[in-house]
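Residue numbers begin at 1 in each chain, while the letters A, B, ... track the order of the sequences.
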Protein chains: 2
Amino acid sequence: MKQVAERAGVHVSTVSRALNPETRSMVVPESVARVMKAAEELGYRLDPVAASLRTGRSKLVGILVPDIATNVFTPILTGATERLSEHGYSVIVAYVGGDSNKQLDLAQGLIARRVDGLIVATASRDDPLVTFCIERGVPSVLVNRAEKETRLSGVVSDDLLGAQLAVDHLVELGHSRIAHLGGPREHSTGYLRHRGFIHALAANGLDAASAPTEFAETYTREQGAAAARRLLSAHPGITAIVAANDLLALGAYDVIREAGLNCPRDISIVGHNDMPLVDMVEPPLTTIRISHKEMGRQAADLLEQAIETLDRPARNVVLPPKLIVRGSTGAPRKGAGRKSAKAGGTNRAASVSNEV
Amino acid sequence: MKQVAERAGVHVSTVSRALNPETRSMVVPESVARVMKAAEELGYRLDPVAASLRTGRSKLVGILVPDIATNVFTPILTGATERLSEHGYSVIVAYVGGDSNKQLDLAQGLIARRVDGLIVATASRDDPLVTFCIERGVPSVLVNRAEKETRLSGVVSDDLLGAQLAVDHLVELGHSRIAHLGGPREHSTGYLRHRGFIHALAANGLDAASAPTEFAETYTREQGAAAARRLLSAHPGITAIVAANDLLALGAYDVIREAGLNCPRDISIVGHNDMPLVDMVEPPLTTIRISHKEMGRQAADLLEQAIETLDRPARNVVLPPKLIVRGSTGAPRKGAGRKSAKAGGTNRAASVSNEV
DNA sequence: CTGAAAGCGCTAACAT
DNA sequence: ATGTTAGCGCTTTCAG
């Protein structure tokens, strides 16, 4: 930097100001030009490490993703990274497991590296990590999963609505014995999709209280299969399953196949996420589409805002999901629909709150 | 740090030495203990930014992945990140597009952040980025894709062998009119899998020179479909396709379906990668399995070695792929096999060099 | 084995 | 609008 200053015939501090977009306006354009030229000629670039040491800022953002990198977190990551890098940020990824202490440690480490903010894709409905972020005063946003209470801004899909869309679709097809293949309830996705399922059932005049339901412990095909097995053995009469997630739905496929049943003839299935390739499985999966990449982008936006103006009130961005009808849903098999639903209803439970 | 020094009754430099595992041996154990205790009590942690400014090292590794994040790069990323974080490294991901100048810029930026090394998952067979890394003296390794010449260490799958496995399998089933649905030839994967295809054909006594071949421009389902369409219209007589990648194979599925044909009855297909869910598509895809996560891990190992001892000679780790037989391959339809192959052959072309 | 002191490269008061 | 100066928090010679 000293060399550049010499070559441009100015002081180092002028070089610093000229090279930094934020302070460039303090320098007369002519000097800026000379500095730029000198820097160019010497192949000089500002040292972000030194700058970071001095300013405490780093143009670095940490992102915490579950280590069981399912397909949904990849587009979130790319969406966020893309958007962030447009604004000069780099992204440090940390894959975190379930251990809460390790999570705090990792966050700690990122903070030590002076990240300007954190994107948390791992939040449970009441997460110590969030408490930690708030206490430490690190600008942070949630993505995909929200907390019970909105302590931090975040971007999520309207999971309640998504599940309702699924139920409404099934009811329209004539189903009334609809079961739920739920996700982990400590995550907002599992919790809300279950609630959406219940409410939609009620709104359609079906018995929500006794609706067959089993929860998978994790969002995996294996756990989905295990839960689906429990569901089918306890309630052989069901004609449709609303799954909290595509992977769970595919687990149900495995079970249905192994039971010698046919989807959708014997049982219809709706997934959630519309992850890549579920249009190619057999039968093509009817599911709820969520734009995870867009979630990532918006989380990036939210984080940048949080970084720029601290203590900005927490705000939840809720993205609308969309029903994608494919081959895994159809009319119930004859003689199956013993419980009768109220006449063909898209009676969405409009008043259900979206509180996590 | 000064506070810790005071509290422990030693000088800051002693604190520094005590806290850093590499220099801890210079300090008498008793002092170390006192320092540790004081640090603990104050909740003090070393500042990596300041350390980085001083030492030039950062415990940060950059990884360059293609921005069209297909499924294969996610496990590479997680594998590498896991292994690296075990050794105290954090990972900065950069999603890079095709523009070579932008790639250099991104690498430049990572270097400015003082990354200790770079993992490059984007290399073409002769990549200016590699030249750049070498010139700048940044420890770097390649992963998944290698260069024509081994200028840098790397981890790849044995792509030549993979393609041969695919052809041998098809020949064993009785196919002789086998086509290749190739990948981009500027990448080692596309190039080598094509060569493996050719050599295996020859080794099995089939006419390699005139084997129907079409190349997709990118590894996408769409480009796969386009190339498969060209293949089928130019060579309606083929009974099997060896695809350079699962996505391409799925593109071929689309085309076969739209042509009213059936896989595997009319045409058998073999993919490459064994990415998630291809066992669930219809028909389940026969493919070549590669452990991308393991590739990521080994790339991490190689990079750590390169960081520890500079100017270590470049070394290629070649992982063995494995044929996974599923439902997309079967015997050719009757009357299709007009060309005759040499008797039932697993005549692998053992002597084919693996040079990229 | 430990203390002293210099300085990594930059930025932000403050002064002019 | 620009120059001066004092560190950011650490590591690492060099002395002792």
When rounded to whole Å, the CD to P distance for the pair B:Glu30 and C:dC1 reads 12 Å
Assert: residue with more 5' nearest nucleotide on DNA chain C, out of A:Pro48 and B:Val10, is B:Val10
B:Arg114 atom CZ is separated from D:dT11 atom C1', nearest whole Å, by 13 Å
When every non-hydrogen atom of B:Gln103 is compared with those of B:Thr122, the smallest separation belongs to OE1-OG1, 4.3 Å
Does OP1 or OP2 of C:dA12 have a side-chain N or O of A:Thr23 closer than 4.0 Å?
no
From CG of B:Asp47 across to P of C:dC10 the rounded distance in Å is 17 Å
Rounded to whole Å, CD1 of B:Ile111 lies from P of C:dG9 at a distance of 16 Å
* To do: Would you mind classifying the nucleic acid contact of B:Val49 as base, sugar-phosphate or nothing, using non-hydrogen atoms under 4.0 angstrom?
  => nothing
| message | Does either side chain, that of A:Arg136 or that of A:Gln108, offer a donor lying less than 3.5 Å from an acceptor on the other one? | response | yes
Notebook entry, point to check: Under 4.5 Å between any side-chain heavy atoms of A:Arg312 and A:Thr309, yes or no?
Noted result: yes
Here the distance between atom C1' of D:dT2 and atom CG of A:Asn20, to the nearest Å, is 16 Å
Between A:Arg57 and C:dC10, is there a contact of a side-chain N or O with OP1 or OP2 at under 4.0 Å? no
Separation of C:dC1 atom P from B:Arg34 atom CZ, nearest Å, is 15 Å
Among the nucleotides D:dT2, C:dG9, D:dG3, whichever has the atom closest to the side chain of A:His11 is D:dG3
Does C:dT11 have OP1 or OP2 under 4.0 Å away from a side-chain N or O of A:Ser16?
yes
According to a strict under-4.0 Å criterion, is B:Ser31 in side-chain N/O contact with OP1 or OP2 of C:dC1?
no
Taken to the nearest whole Å, NZ/A:Lys2 to P/C:dT11 is 15 Å
Judged by nearest nucleotide, the residue sitting upstream toward the 5' end of DNA chain D, A:Ser13 or A:Ser25, is A:Ser25
Note: for B:Met26 and B:Leu53 on DNA chain C, the residue whose nearest nucleotide lies more 5' is B:Met26
Open item on the list: For C:dG9, does the base pair up with any side-chain atom of B:Arg54 as donor and acceptor (N or O, under 3.5 Å, distance only)?
Closed with: no
A:Thr55 vs C:dC10: side-chain N/O to OP1/OP2 distance below 4.0 Å: no
Which of B:Leu142, B:Thr150, B:Leu152, B:Val141 passes side chain to side chain contact (heavy atoms under 4.5 Å, CB included) with B:Asn316? Answer is B:Thr150
Under 4.0 Å between a side-chain N or O of A:Thr14 and OP1 or OP2 of D:dG3? yes
Does any non-hydrogen side-chain atom of A:Met1 lie less than 4.5 Å from one of A:Tyr44? yes
d(A:Ser52 OG, B:Leu53 CG) to nearest 0.5 Å is 9.5 Å
Among C:dG3, C:dC1, C:dG9, the one nearest any side-chain atom of B:Val28 is C:dC1
Here the distance between atom P of D:dT11 and atom CZ of B:Arg24, to the nearest Å, is 12 Å
